[in-house]
Amino acid sequence: AQKYKDFLNTIEGVEDIDDDYESGKKEIMIEVDENKAAEAGLTISAIGSSVRSVFKGTIATTIKQEKAEEEIDVIVRLRENVKESKDVFNKIMIANKYEKLIPLKNVASFKERVGLYSISHIEGKKAVTVYASVDRNITNSNEVSRKVLRHFKGIENEYLGYTVDAGGEFEEQMKSIRSLVVAFLLAFFLIFMILAAMFNSIVIPLVIMLAIPFGLIGVIIALVVHKMPMSFFSILGMVFLTGIVVNDSIVLVDFINRLRKSGVDRRHSIIQAGQLRLRPVILTTVTTVFGLLPVAYAIGGGDPILIPMALAICWGLLFATMLTLVLIPCIYTVMDDIAIKVFHHPTVLKNHE
């Protein structure tokens, strides 16, 4: 714990470093020699019970007065002035299984040490927690936790029997990110199912949804350019992005399919769709991006929590649109060729067929 505190002191922006390991009062520890105790016919349990009786007392009998409803316990223990002396341990006698009294000092030794104010447990194991505050103007808890974990990687091999876990805001953020990943995959699956039902095809939804990875490329570039970590809200922006970036692909691919069904060949359908749908696709993207720019760049004041989400949507949509206009027609052609070779017919059939 002290090593962690020393390292946290070297990180700029980390302050109020402390831990919950607090020393308590002095205490006397009784160490029983198990071999001597066994020879004397004593057990650890019997020794512990006898010592407890000396200080806490034990119920010898009960008294019940006439017409009384409750019994009164008769507790036998040492006098208070005797218990306060360390010499009391040299006078304690313990009855063994043969009903003979054995001096405690013959089977145990006594050590004085400083105890703990309290003993913390996490999941049933003793634990020491190191905690600190973070100045958000300089750094953030996510970055600090990553630095600490990276610096102390493999420290558990140095201290066998010990384990180290990161908690606090970092732990909650990791839980949230895992849940968002599940939400992202679920959104991806639901979009695919809806598109498959609408287009009555499996190939076309795959072509349309290839715009999603293009959007994620834009998100990564945005985070690198703005020097932001991958946070909960940036991943939340990715989830929103999955439903937005497919719009341009749907507009383009649906128009290609309509032209092909009307009898236009594939090549000219793709060229006409690119020409006629270019303006709607760009307008859709531009209006969305410009609508989010004030939030993404805090124009007129902004919320630092929403900035990563807005940046992810803006940059992801911008990159997805540029790549969609070029790559989606190419991918559409390749997938159609594969369908012709595998299924012996194109992905879209003409109306008269």
Side-chain angles (χ1 to χ4, degrees), residues 1-6 16-132 152 155-168 171-172:
Q2 188 60 46
K3 284 188 175 183
Y4 275 78
K5 290 169 67 177
D6 292 341
D16 300 329
I17 303 167
D18 204 350
D19 60 55
D20 62 355
Y21 189 86
E22 296 183 46
S23 298
K25 297 179 179 179
K26 289 184 178 181
E27 62 184 23
I28 295 176
M29 182 178 179
I30 302 174
E31 291 187 349
V32 178
D33 187 323
E34 295 187 16
N35 294 327
K36 290 182 179 180
E39 292 175 0
L42 295 171
T43 62
I44 303 294
S45 176
I47 294 172
S49 297
S50 298
V51 173
R52 188 180 300 109
S53 298
V54 167
F55 292 93
K56 296 293 183 181
T58 186
I59 299 175
T61 185
T62 58
I63 299 173
K64 186 175 181 182
Q65 297 178 346
E66 286 188 40
K67 298 181 182 180
E69 294 182 0
E70 296 182 357
E71 293 183 340
I72 301 172
D73 295 331
V74 178
I75 299 175
V76 178
R77 64 184 180 189
L78 290 178
R79 293 192 303 273
E80 291 297 327
N81 61 338
V82 176
K83 288 194 297 182
E84 294 175 357
S85 173
K86 295 180 185 178
D87 295 333
V88 68
F89 292 99
N90 296 322
K91 300 175 182 178
I92 294 176
M93 308 291 285
I94 303 172
N96 65 6
K97 59 183 179 180
Y98 305 113
E99 297 184 0
K100 291 185 178 181
L101 296 177
I102 307 296
L104 176 61
K105 63 181 182 181
N106 289 357
V107 296
S109 57
F110 316 108
K111 293 182 179 179
E112 189 174 324
R113 68 176 185 181
V114 177
L116 295 177
Y117 181 77
S118 63
I119 300 176
S120 301
H121 291 81
I122 297 177
E123 296 181 355
K125 297 180 179 179
K126 291 181 181 178
V128 178
T129 302
V130 176
Y131 47 86
F152 289 103
I155 194 172
E156 295 171 353
N157 298 325
E158 184 179 348
Y159 297 92
L160 297 177
Y162 286 77
T163 57
V164 180
D165 290 313
E171 182 183 23
E172 294 302 318

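What you see below is based on every heavy atom in this structure, not just the backbone, and it leaves out hydrogens, waters and symmetry mates. For the single chain, residues carry numbers from 1 onward in sequence order.
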Give a yes or no on whether Glu34 atom CD has more than 12 heavy-atom contacts from other residues, nucleotides or ligands under 6.0 Å away. no
Measure the spacing between CG of Asp18 and OG1 of Thr129 and express it to the nearest 0.5 Å. 11.0 Å
Should Ile75 and Ile59 count as side-chain neighbours, where that means a heavy-atom distance under 4.5 Å? yes
Considering non-hydrogen atoms only, spot the tightest contact between Val128 and Asp19 and give its length. CG1-CB, 4.4 Å
Apply the test side chain to side chain contact (heavy atoms under 4.5 Å, CB included) to residues Ile72 and Thr62: give CA-CA distance (whole Å), side-chain angles for both, the deciding distance (0.1 Å), then the verdict. CA-CA 5 Å; Ile72 301 172; Thr62 58; over 6 Å; no
Full working for side chain to side chain contact (heavy atoms under 4.5 Å, CB included) between Ile47 and Val32: CA-CA 9 Å; Ile47 294 172; Val32 178; 3.7 Å; yes
Side-chain contact test, heavy atoms from C-beta onward, threshold under 4.5 Å: evaluate it for Met29 versus Glu27 and give yes or no. no
Could you tell me whether Glu70 atom CD has more than 12 heavy atoms of other residues or ligands within 6.0 Å of it? no
Could you go step by step and tell me if Ile30 and Val51 meet the side chain to side chain contact (heavy atoms under 4.5 Å, CB included) rule? CA-CA 10 Å; Ile30 302 174; Val51 173; 3.9 Å; yes
In terms of heavy-atom contacts, Ala60 and Val76 come closest through CB-CG2, 3.5 Å
With rounding to the nearest 0.5 angstrom, report the CG to OG distance, Leu104 to Ser109. 9.5 Å
Is the shortest side-chain heavy-atom distance between Phe110 and Lys105 below 4.5 Å? yes
Name all residues meeting the side-chain contact (heavy atoms from CB on, under 4.5 Å) criterion together with Thr58; count only those two or more places apart in sequence or in a different chain, and write none if there are none. Ser53
Answer yes or no: does atom NZ of Lys5 have more than 12 heavy-atom neighbours from other residues, nucleotides or ligands under 6.0 Å? yes
Side-chain donor-acceptor distances from residues 96-103 under 3.5 Å, at least two apart:
{"unit_1": "Asn96", "atom_1": "OD1", "unit_2": "Tyr98", "atom_2": "N", "d": "2.9"}
{"unit_1": "Asn96", "atom_1": "OD1", "unit_2": "Glu99", "atom_2": "N", "d": "3.1"}
{"unit_1": "Asn96", "atom_1": "OD1", "unit_2": "Lys100", "atom_2": "N", "d": "2.8"}
{"unit_1": "Asn96", "atom_1": "ND2", "unit_2": "Ala40", "atom_2": "O", "d": "2.9"}

Donor-acceptor list for residues 155-168 side chains, cut-off 3.5 Å, not counting sequence neighbours:
{"unit_1": "Glu156", "atom_1": "OE2", "unit_2": "Val164", "atom_2": "N", "d": "2.9"}
{"unit_1": "Glu158", "atom_1": "OE2", "unit_2": "Lys3", "atom_2": "NZ", "d": "3.2"}
{"unit_1": "Tyr159", "atom_1": "OH", "unit_2": "Lys3", "atom_2": "NZ", "d": "2.9"}

Evaluate the criterion side chain to side chain contact (heavy atoms under 4.5 Å, CB included) for residue pair Ile17 and Tyr131; output intermediate values, then yes/no. CA-CA 6 Å; Ile17 303 167; Tyr131 47 86; over 6 Å; no
How would you list, by chain and number, every residue that makes a side chain to side chain donor-acceptor pair (under 3.5 Å) with Asn35, sequence neighbours excluded? none
Salt bridge (Lys or Arg N to Asp or Glu O under 4.0 Å): pairs with one or both residues in residues 38-60, sequence neighbours excluded: none
Please list, chain by chain and in numerical order, all residues satisfying ring pair (Phe, Tyr, Trp, His ring centres under 6.0 Å) with Phe55, sequence neighbours excluded. Phe89
